[in-house]
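Have a look at the structure below, then the notes.
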2 protein chains.
Amino acid sequence: MPQPTSERRGAGRPPRISRPEILAAARAVIDAEGVAKLTMRRLAREVGSTPMALYHHVRDKEELLLLLLAEYAAGMPRPALPDDPRERILAVATGMRDGLAGCPWIVEVLAADDLLASEALWYGDRIVDAFMAGGLATEAAVHAYRAIWYYTAGEIIVRASAGRRAEAGRPTYRETVFADVDAAEYPRLAEIGADWIPLTAQDAYADGLSALVDGLLARAA
Amino acid sequence: MPQPTSERRGAGRPPRISRPEILAAARAVIDAEGVAKLTMRRLAREVGSTPMALYHHVRDKEELLLLLLAEYAAGMPRPALPDDPRERILAVATGMRDGLAGCPWIVEVLAADDLLASEALWYGDRIVDAFMAGGLATEAAVHAYRAIWYYTAGEIIVRASAGRRAEAGRPTYRETVFADVDAAEYPRLAEIGADWIPLTAQDAYADGLSALVDGLLARAA
DNA sequence: ACCTGAACACCGTTCAAGT
DNA sequence: ACCTGAACACCGTTCAAGT
């Protein structure tokens, strides 16, 4: 079994590459050229080794990405916590989203499982706690947290893929579609017309979040 | 330029495969084995041709997926529209989500751009309209629609990837994480403990949606 | 006009061998 | 214990040629 790293130092051949070194190189590739460019072969080249050497330090590519996620999540900022439950939820959720926005690939890759990398548990814990402070029962608080996670993950993923498309010079589907919206069939969209694009480019995360939290907290009464 | 299909029939060699045939075969592969198994080479085998023949009928793999999306979206059910704006929003959004839940791969692949395949414009149009009927200004209504889209896309993506993981027999990260939650650091999560898993497996889409819509409509007053 | 074959430039991963 | 080389079984796509 290939164990993570040197169990008993001194035995056998000395390592030429280490897991931290591999992770650092992987992060560099992603930051510079995007997650799509991160391949085992490329990474091997980057650390001056062979693809197979990597498999001595990580089980497979999936584990590599998981490790990168854990590392990133550990470094995310933890906002100050206001006393008011509602404000607390907003602060934590916004912190989570701002943190994740800095590395959208991570959400794309893992598409979630709740971002329950153990380093990110804090966000979930604080949000559940604040909903309970706001009057929700435990179960309702967990569901409320999930709603916020769905909203946040959706926002990040949609934004990230729109960004990717724009970068690739693709005509972002909706631009082509809005050129000929049938006013009879879709009256509202026809009315909005070209305004749709700048409108949806605006950052409305905070507005929607605040509405969602209001709606969720209203269940407490 | 390779034009979509036979422009002037009778000229040149008669086609052996057609775009509809290709799309049908692609759908069959996805339904049977998932989107990951859909490759140009596999598809060629499936229609009894060569990979390159496909490129005469679709520009590239991305276009193929776009065509599949358009086809699927065109067949999605359009729920009846209640008079009350709030009920209308809930009905349309739920219809959208139920339709998409039937083919989660589509959201994964496109990760969105608002699902503005022209066939799916209807959902957006009806939701914006209902928010306006509920008293929101045009801009606010568009933002409200977006909030619902984020929430819905997030729900579908998170669910789909959790399902994929379960199918693959992976230990769904959170199960491993919850084994040793630090009660001092994350008191709420420790308290919830093993309940987290069945709790988050519940379908809480409707609850969250309803809270979100309440919160959004409250902005009208 | 439509299709084929061969090729290019890649992937992730396994296996057997070297030091 | 750690690393290498060669190989397996794939990808999407281009190019030049055939019918």
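Here is the naming used below: chain letters follow the sequence lines, and residue numbers restart at 1 for every chain. Computed from a predicted model, the values in this text were never measured in an experiment.
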So, taking the atom named CZ in B:Arg126 and the one named CZ in B:Arg78, what distance separates them when rounded to the nearest 0.5 Å?
10.0 Å

Euclidean distance, atom CG of residue A:Leu54 to atom P of C:dC11 [Å, nearest integer]
12 Å

Hey, are A:Tyr205 and A:Thr152 close enough side-chain-wise for a donor-acceptor pair under 3.5 Å?
yes

Could you check whether B:Tyr150 and A:Tyr150 have their ring centres less than 6.0 Å apart?
no

Testing D:dC2, C:dC3, C:dG12 for proximity to the side chain of B:His56, the answer is C:dC3

At less than 4.0 Å, is any side-chain N or O atom of B:His57 found next to OP1 or OP2 of C:dC3? Yes or no.
yes

For A:Ser49 and D:dT4, is the shortest distance between a side-chain N/O and OP1 or OP2 below 4.0 Å?
yes

Whole-Å C1' distance, C:dC10 and D:dA9
13 Å

C:dT13, C:dC3, D:dT4: which one has an atom nearest the side-chain heavy atoms of A:Thr50?
D:dT4

How far, in whole Å, is C:dA17 from D:dC2 if one measures between their C1' atoms?
13 Å

For A:Glu63 and C:dT13, what is the distance between atoms CD and C1' respectively, to the nearest whole Å?
15 Å

Rounding to an integer number of Å, can you tell me how far B:Arg19 CZ sits from C:dC3 P?
13 Å

Taking the minimum atom-to-atom distance to the side chain of A:Tyr55, which one of C:dT13, D:dC3, C:dC3 wins?
C:dT13

Starting at atom CZ of A:Arg16, determine the distance to atom C1' of D:dC2, rounded to an integer number of angstrom.
9 Å

Let's go through B:Leu216 and A:Leu212 carefully: what are the C-alpha distance in whole Å and the side-chain angles of both, what is the deciding distance for side-chain contact (heavy atoms from CB on, under 4.5 Å) to 0.1 Å, and is it a yes or a no?
CA-CA 7 Å; B:Leu216 290 166; A:Leu212 175 57; over 6 Å; no

Hey, which sits more toward the 5' end of DNA chain C by its nearest nucleotide, B:Arg41 or A:Pro51?
B:Arg41

Under the side-chain contact (heavy atoms from CB on, under 4.5 Å) criterion, do B:Glu46 and B:Glu21 qualify, and how do the steps go?
CA-CA 10 Å; B:Glu46 217 71 33; B:Glu21 190 189 345; over 6 Å; no

Given the rule in the side-chain contact (heavy atoms from CB on, under 4.5 Å) test, do B:Trp196 and B:Thr200 qualify, once you have shown the distances and angles that lead to the verdict?
CA-CA 6 Å; B:Trp196 184 271; B:Thr200 55; 3.5 Å; yes

B:Met40 atom CE is separated from C:dA7 atom P, nearest whole Å, by 21 Å

Nearest whole Å is fine: how far is C:dC11 P from A:Lys61 NZ?
9 Å

From CE of A:Met52 over to P of D:dA6, roughly how many Å is that when rounded to an integer?
15 Å

Separation of D:dG12 P from B:Glu62 CD (nearest whole Å)
13 Å

Dot-bracket notation for DNA chain D, counting Watson-Crick and G-U pairs under 3.5 Å, with | for partners on another strand
||.|||||...|||||.||

So, is A:Thr39 close to the C:dC11 phosphate, meaning a side-chain N or O under 4.0 Å from OP1 or OP2?
yes

Does B:Arg97 pair with B:Asp203 as a salt bridge, N-O distance under 4.0 Å?
yes

